[in-house]
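Notes follow the structure.
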Number of protein chains: 4
Amino acid sequence: MRVKDDTKISTIFEATVELTSEVGLNKLTMSSIAEKAQLASGTLYIYFDSKEKLLNELYKHLLVRGTLSLLPSVQHLPLKKQFWVIWSNVLKFRVSNSSEVVFMHQFRYSSYVSEETNELDEQFLSYLKTMLNKGKEELIVKNIDNRLMISLLYGYANTFSRQLVKDKIELTDSLMEQSFRVCWDAIKS
Amino acid sequence: MRVKDDTKISTIFEATVELTSEVGLNKLTMSSIAEKAQLASGTLYIYFDSKEKLLNELYKHLLVRGTLSLLPSVQHLPLKKQFWVIWSNVLKFRVSNSSEVVFMHQFRYSSYVSEETNELDEQFLSYLKTMLNKGKEELIVKNIDNRLMISLLYGYANTFSRQLVKDKIELTDSLMEQSFRVCWDAIKS
Amino acid sequence: MRVKDDTKISTIFEATVELTSEVGLNKLTMSSIAEKAQLASGTLYIYFDSKEKLLNELYKHLLVRGTLSLLPSVQHLPLKKQFWVIWSNVLKFRVSNSSEVVFMHQFRYSSYVSEETNELDEQFLSYLKTMLNKGKEELIVKNIDNRLMISLLYGYANTFSRQLVKDKIELTDSLMEQSFRVCWDAIKS
Amino acid sequence: MRVKDDTKISTIFEATVELTSEVGLNKLTMSSIAEKAQLASGTLYIYFDSKEKLLNELYKHLLVRGTLSLLPSVQHLPLKKQFWVIWSNVLKFRVSNSSEVVFMHQFRYSSYVSEETNELDEQFLSYLKTMLNKGKEELIVKNIDNRLMISLLYGYANTFSRQLVKDKIELTDSLMEQSFRVCWDAIKS
DNA sequence: GATGAATGAGATTTCATTCAT
DNA sequence: GATGAATGAAATCTCATTCAT
């Protein structure tokens, strides 16, 4: 399995993402994915062992592309700057990849999620924790339970970007700054 | 004649909620609900026309019980106090009804949601908007786009309560206060 | 069973007949009959052992009322006159009881028909045969296989009356006479 | 790739026809059709969207095969000859395809019949009307309402062929001629 | 007798997966 | 590898019948 035709995998991923945002994760069938990707349904099984595998692979792919890939490039920056870069990039990614985000959200809370996927999810959180801890040391972040602040950042980004997409609001620089100020006010010391 | 039993609807609702938090909204079948509620599968259809109807009714029921029913009792309070009461109650409700919250979350982003249910959802948001506007007038709330602050409050409450449940953390008074301070800092002027 | 409340049986019969002509014999459910008759579904089972019994009883009832009850009163008449009286009465009955005829027709060729009902059906045919035989003796009826002529009379009456009802044509005296002439021409010697 | 097999539709049609004549249109289930046709039940839905579609397609198929396909070849013949050819062929078809006729009859008066099927049914009737009109012009057919004569021809053919099958009577040339004479006497001028 | 809620077998239909070509 | 017809388990839903009241 795999390394057969990377284009085909992309096609399948795109079809899955589009369909999910159109009809929802329930009602998403392998046949409909195949049809949208202009493939035979059997072909899906050449690239993925099962529906569950396909969805998990897709989720991981999106997670890496939209979030994890961001981290290496910001590690050298000062802390508040790091938050800002991550915040603005996550927001931008989410708004310009809204179908992907719909998929990720619906998938994240479905029972398709495998143990392995769950673990991957922790990586980003763990990075945030490290950042918050450093912030506490530098006395610029509130000295309170990390989980609390992470929930705020995570939930806010999620909900806000979803709303932008739902109401078709353009993500201006001003909106990005305003929204960042709000969450910085929340966690700053 | 056997009398149509009001507790039966509760039994069905409870079974549905429990099952969803156990196996997820996909994999939730009418037969499994019937079995868990110790009813014949046909009986479900006496009380609800279809699976979709059942789920929507349940969601509405939970929404009213967990959020909307709260609003009348706080309207006379000063604004920050209102926020506090709502915040603490929503958190308490969500933590002590974690299965219900799992259901609500999974249902909310499924394609089972009917138009009517969607509208009900707006009621709470609309109340929050009114509160924020009053806060702006009183100069105690930031004069920025409501949607931004609502996303923060909404997303935070969602994510934080989910995390508490997931990690089995007890919701102490101190945790409630800390979490409130964070979000108040975010929106206060 | 029975002799409990004859009004109730009539009500059930009427409801069944109306419903069948509205929605067809398939799609006819015991609950819908009960609803139309403004009874509880359980009540149907006080008067009839099963759906099959109900339908067979109704068919027999209609057969006697619409056809068999006619025969005694014509036996003394001359042959052609007998044919005419039967023809005109059958036609009149069928046109003014079109729902009943729809029921009879759909039921007749369904697999609900019991052995006993089948036998009752033969009674009318057997009377017709006797008439045709007498006609042959009197040399006014073609000397050919009875089954052939019976099919013609039977099928014609059936189809013609159905068409009158379907196209909402009034059954005038002239139409009755014309139609009789046609079938008399067919069988007359 | 397994190739979509044209004979499969025939197999399904045959199974449906046989089953209907065995157990009746009510009691006819998709599973039983599948079993008789030695297919998985899901396979039926590859060829037909629903039970209703299957039955309508089958009816149309039989109608064309048994009646409509006959018409082109007789158009050049003199009128009485046309009647004769149609009569004898319809009779022969119906007797040697008795199961098909049972299906057609039960289906025709069920509520499965779609609007489209209804229209197809009119084609044959409309051809008969044209023939009768020509017959009137040539002064060889009674100058009376067509519907009356059509009912006779149609109802007679139906009923007579059903009786032949039911009583297992062989359709001899003599029987065919006798039966034709009867109906010709009915409509001739 | 009358009611109608409850039952559960069974109907139609869907869909992840397999497999012959 | 690619195809899509075929599979059949399982889902949703229906309905004749029963039975507690």
Side-chain angles (χ1 to χ4, degrees), chain A residues 1 3-5 8 26-35 37-55 112, chain B residues 1-6 8 26-35 37-54, chain C residues 1 3-5 8 26-35 37-55 112, chain D residues 1-6 8 26-35 37-54:
Chain A
M1 195 197 80
V3 195
K4 282 157 198 172
D5 187 345
K8 212 151 268 176
N26 48 354
K27 297 199 188 160
L28 179 75
T29 69
M30 291 298 266
S31 314
S32 64
I33 295 173
E35 194 185 7
Q38 304 199 8
L39 293 170
S41 59
T43 310
L44 298 180
Y45 288 86
I46 296 167
Y47 293 91
F48 304 96
D49 286 349
S50 67
K51 186 182 182 183
E52 193 176 319
K53 280 270 172 61
L54 191 164
L55 298 181
Y112 289 117
Chain B
M1 185 195 68
R2 292 181 227 179
V3 126
K4 208 165 175 177
D5 191 350
D6 253 14
K8 206 148 276 169
N26 47 351
K27 296 197 189 158
L28 178 74
T29 69
M30 292 300 264
S31 325
S32 64
I33 295 174
E35 196 183 6
Q38 299 194 333
L39 294 170
S41 61
T43 309
L44 297 180
Y45 290 88
I46 295 171
Y47 294 90
F48 304 96
D49 286 348
S50 67
K51 185 182 181 183
E52 194 177 319
K53 280 270 174 60
L54 192 164
Chain C
M1 199 197 80
V3 195
K4 283 159 197 169
D5 186 344
K8 212 149 269 174
N26 50 352
K27 296 197 186 158
L28 180 74
T29 68
M30 290 299 265
S31 313
S32 63
I33 295 173
E35 195 184 6
Q38 304 199 9
L39 293 170
S41 59
T43 309
L44 299 180
Y45 288 86
I46 295 167
Y47 293 91
F48 303 96
D49 285 349
S50 67
K51 187 182 180 182
E52 193 177 317
K53 281 270 173 59
L54 192 165
L55 299 181
Y112 289 117
Chain D
M1 186 194 70
R2 291 183 227 178
V3 127
K4 208 164 175 176
D5 190 351
D6 254 14
K8 205 148 279 166
N26 48 351
K27 296 197 188 157
L28 178 74
T29 68
M30 292 299 264
S31 324
S32 65
I33 295 173
E35 197 183 5
Q38 300 195 331
L39 294 170
S41 60
T43 309
L44 298 180
Y45 290 86
I46 295 171
Y47 293 89
F48 304 97
D49 286 349
S50 66
K51 186 181 180 182
E52 194 177 317
K53 281 269 174 62
L54 191 164

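Residue numbers begin at 1 in each chain, while the letters A, B, ... track the order of the sequences. Atom set for the values below is all heavy atoms of this structure, side chains included, hydrogens, waters and symmetry mates excluded. A quick note: this is a predicted structure, and the numbers were derived from the prediction, not measured.
Separating the OH atom in D:Tyr45 from the NZ atom in D:Lys53 is a distance of 12.0 Å, to the nearest 0.5 Å. Summarising the geometry, atom OG1 belonging to D:Thr29 is positioned 7.0 Å from atom NZ belonging to D:Lys51; distances are rounded to the nearest 0.5 Å. Note that NZ of A:Lys27 and CG of B:Asn26 are 14.0 Å apart. Values are rounded to the nearest 0.5 Å. Atoms OH and CG, on A:Tyr112 and A:Leu28 in that order, are 7.0 Å from each other to the nearest 0.5 Å.
Among the atoms of the strands shown, none is found under 4.0 Å from any heavy atom of B:Lys27. Nucleic acid contact for B:Ser41: base, since at least one base atom lies under 4.0 Å from a heavy atom of the residue. Among the atoms of the strands shown, none is found under 4.0 Å from any heavy atom of D:Leu44.
Taken residue by residue, residues 28-35 of chain A places heavy atoms nearer than 4.0 Å to DNA chain E at A:Leu28, A:Thr29, A:Met30.
Atom P of nucleotide F:dT14 and atom CG of D:Asn26 are separated by 19 Å, given to the nearest angstrom. We find that OH of A:Tyr45 is positioned 16 Å from P of F:dA5, with the value rounded to whole Å. When rounded to the nearest whole Å, the span between CG of C:Leu54 and P of F:dT17 equals 10 Å. The NZ atom of D:Lys53 sits 10 Å away from the P atom of E:dT13 (whole-angstrom rounding).
The nucleotide E:dA20 finds its pairing partner in F:dT3, both defining distances of the Watson-Crick or G-U wobble pair being shorter than 3.5 Å.
When side chains are defined from C-beta on, A:Met30 counts as touching A:Leu54, because their heavy atoms get closer than 4.5 Å.
Sequence order on DNA chain F of the closest nucleotides to B:Asp49 and A:Leu39 puts A:Leu39 first from the 5' end. Between C:Gln38 and D:Gly42, the one whose closest nucleotide on DNA chain E sits nearer the 5' end is C:Gln38. Residue order along DNA chain F, read from the 5' end via each residue's closest nucleotide, puts D:Ala40 first among B:Ser50 and D:Ala40.
In this structure, the nucleotide among E:dT14, E:dA2, F:dC13 sitting nearest to the side chain of C:Lys8 is E:dA2. With E:dT17, F:dA2, F:dT17 as the choices, the nucleotide that has an atom nearest any side-chain atom of A:Tyr47 turns out to be F:dA2. Of the listed nucleotides (F:dA2, F:dT18, F:dT14), F:dA2 has the atom at the smallest distance from the side chain of A:Ile46. Listed nucleotides: F:dA16, E:dT17, E:dT7. Nearest to the side chain of B:Thr43: E:dT7. Considering only the side chain of B:Lys51, F:dT12 comes nearest among F:dG4, E:dT12, F:dT12.
Across all non-hydrogen atoms, the minimal contact from A:Ser41 to A:Ala34 is CA-CB, 3.5 Å.
The environment of A:Glu52 atom CD is dense: over 12 non-hydrogen atoms of other residues, nucleotides or ligands sit within 6.0 angstrom.
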